[in-house]
K.L.:
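Below is the structure I would like to discuss, written out as structure tokens.
Counting from 1, the numbers follow the sequence of the chain as shown. None of these values were measured; they are calculated from a predicted model. Atoms considered below: every heavy atom in the structure, side chains included; atoms not considered: hydrogens, waters and symmetry mates.
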Amino acid sequence: MARRGRTSIVREVKESIEAIDKIGISKRAAREDGNSGIHSKKQKENTMSDCQNFVKWARSEHGVKSIADLNEDHYKGYIAHLSEKGISEGHKINVETSLRLLEKGFSKRSERFEGVSNRFEGFCPEKRLETRTRGLDVRNRAYTREEMQLIRENVSPEVSKAVDLMKELGLRVREATNARVEHFTYEEQTDSWKFEIKKGDGAGITKGGRQREIHIPRYFEKRLEQLLQGKGDKERVVNVSYSTIRDGINVACKKTGIDQASRGAHGFRHAYARNRMDQLMTGEQRTMMQRIIDNCSINRKADYGILNETDKMLYNTTKEVMDQIHKELGHGKNRWELAMRYLGD
């Protein structure tokens, strides 16, 4: 096996960016395969520049000699450094995107070297430090129950399977397409079903290959058992392509007069998120959620104006529910901009 030789941190950046060079490869196809990266020359140039500036700063300020030695403190320190220089919010957001690509590329590059990938834990925090919220198009993109039923009745039997998985489990269209029988397991202890993608097994299925766990609602268990009946563990539950699913939903909407309003297949995930909010949040928590969204929509901190202990406790419990819903959707914690998209009006 090849071993890591002596090289400069700037050289590591170049090799890392090259490792995720997908120029000439369809971005959509790469996402389907869980193998996305950099797909344009302009993005590659910008990413290379941003990342080289970052590692040169880390080397100069902290003596870091390898990307493997970078950590979250270096990341946060560099973004703070850019803020002190008066760099715009938009540019800092782009830099954060570049650094996340660097982390991905270095991990990919490190697979060639014995031991490096095993000890590289990454340096990017789960939550971005800069979030663009001003001017975000916040509106209800969820299909209503009546609309979802009409769509379901006007698509093929295979597409209707995907519709059920999207609206009842919050799966993306690609996830519904690629889910296999083995991803659905029955637990005797709890007498319940769950959908589970374990860590390291999500490539080509979940976004970014991330792990996922969703407990199946009781009312959906009978339908799920019908979907799995007669299939082997490695077989897909839905036997059509994701483009067929998208086209089927589009035709059904046109046929029934449903205004898609840019919702497409994603409208089912929005409906799932709102349904879970109704199930899990109290009336007080929903009111607090709207207060938080109002803050974020004008670029205030989520907890702006939340000062007394009662409101702070309510804020924390509301955030816990939001994070749970986001986890079920395959997102991380503290994603307020996603709450604005999924739960705002």
K.L.:
How about Phe54 and Phe123: are their ring centres within less than 6.0 Å of each other?
P.N.:
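Here the rings of Phe123 and Phe54 have centres that are less than 6.0 Å from each other.
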K.L.:
So Ile205 and His183, do their side chains get closer than 4.5 Å, heavy atoms only?
P.N.:
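With C-beta onward as the side chain, the pair touches.
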K.L.:
Supply the atom-to-atom distance Tyr78 OH to Leu70 CG, rounded to the nearest 0.5 angstrom.
P.N.:
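With rounding to 0.5 Å, OH (Tyr78) is 12.0 Å from CG (Leu70).
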K.L.:
Examine the side chains of Tyr186 and Glu221 and answer whether a donor and an acceptor come within less than 3.5 Å of each other.
P.N.:
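No, no side-chain donor-acceptor pair sits under 3.5 Å.
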K.L.:
About how many Å separate CD1 of Ile67 and CG of Leu102, when rounded to the nearest 0.5 Å?
P.N.:
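Reported value, rounded in 0.5 Å steps: 4.5 Å.
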K.L.:
How about Ile9 and Lys56: do any of their side-chain heavy atoms sit closer than 4.5 Å?
P.N.:
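The answer is no; the side chains never approach within 4.5 Å.
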K.L.:
Do Val321 and Met277 have side chains that get closer than 4.5 Å, going by heavy atoms?
P.N.:
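Not in contact.
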K.L.:
Taking the six-membered ring for Trp, are Trp193 and His215 ring centroids under 6.0 Å apart?
P.N.:
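No, the ring of Trp193 stays outside the 6.0 Å limit from the ring of His215, centre to centre.
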K.L.:
Regarding Asp323 and Lys319, does a basic nitrogen lie under 4.0 Å from an acidic carboxylate oxygen?
P.N.:
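Looking at Asp323 and Lys319, the cut-off is met.
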K.L.:
Got a donor-acceptor contact below 3.5 angstrom from the Asn71 side chain to the His74 backbone?
P.N.:
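Side chain of Asn71 to backbone of His74, a donor-acceptor pair under 3.5 Å: yes, one is there.
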K.L.:
How long is the gap from CG on Asn46 to NZ on Lys44, to the nearest 0.5 Å?
P.N.:
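Spacing of CG (Asn46) from NZ (Lys44) equals 12.5 Å.
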K.L.:
Hey, is Glu182 close enough to Lys234 for a salt bridge, meaning N to O under 4.0 Å?
P.N.:
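Yes, this pair counts.
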K.L.:
Fit a plane to each ring of Tyr342 and His266, take the angle between them on a 0 to 90° scale, and name the class: parallel (under 30°), tilted (30 to 60°) or perpendicular (over 60°).
P.N.:
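Correct class here is tilted.
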K.L.:
Side-chain contact test, heavy atoms from C-beta onward, threshold under 4.5 Å: evaluate it for Phe268 versus Ile249 and give yes or no.
P.N.:
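Yes, close enough: below the 4.5 Å cut-off.
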K.L.:
Side chains of Tyr272 and Leu329: does their closest heavy-atom pair fall under 4.5 Å?
P.N.:
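Result yes, sub-4.5 Å side-chain heavy-atom pair found.
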K.L.:
Taking Glu103 for its side chain and Cys124 for its backbone only, find out whether a donor-acceptor pair lies under 3.5 Å.
P.N.:
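It does hold such a pair.
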K.L.:
Drop me the distance from Phe106's CZ to Ser66's OG, to the nearest 0.5 angstrom.
P.N.:
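The distance works out to 4.5 Å.
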K.L.:
When you compare the side chain of Gln260 with that of Tyr143, does any pair of heavy atoms fall below 4.5 Å?
P.N.:
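In short, these two side chains touch, coming nearer than 4.5 Å.
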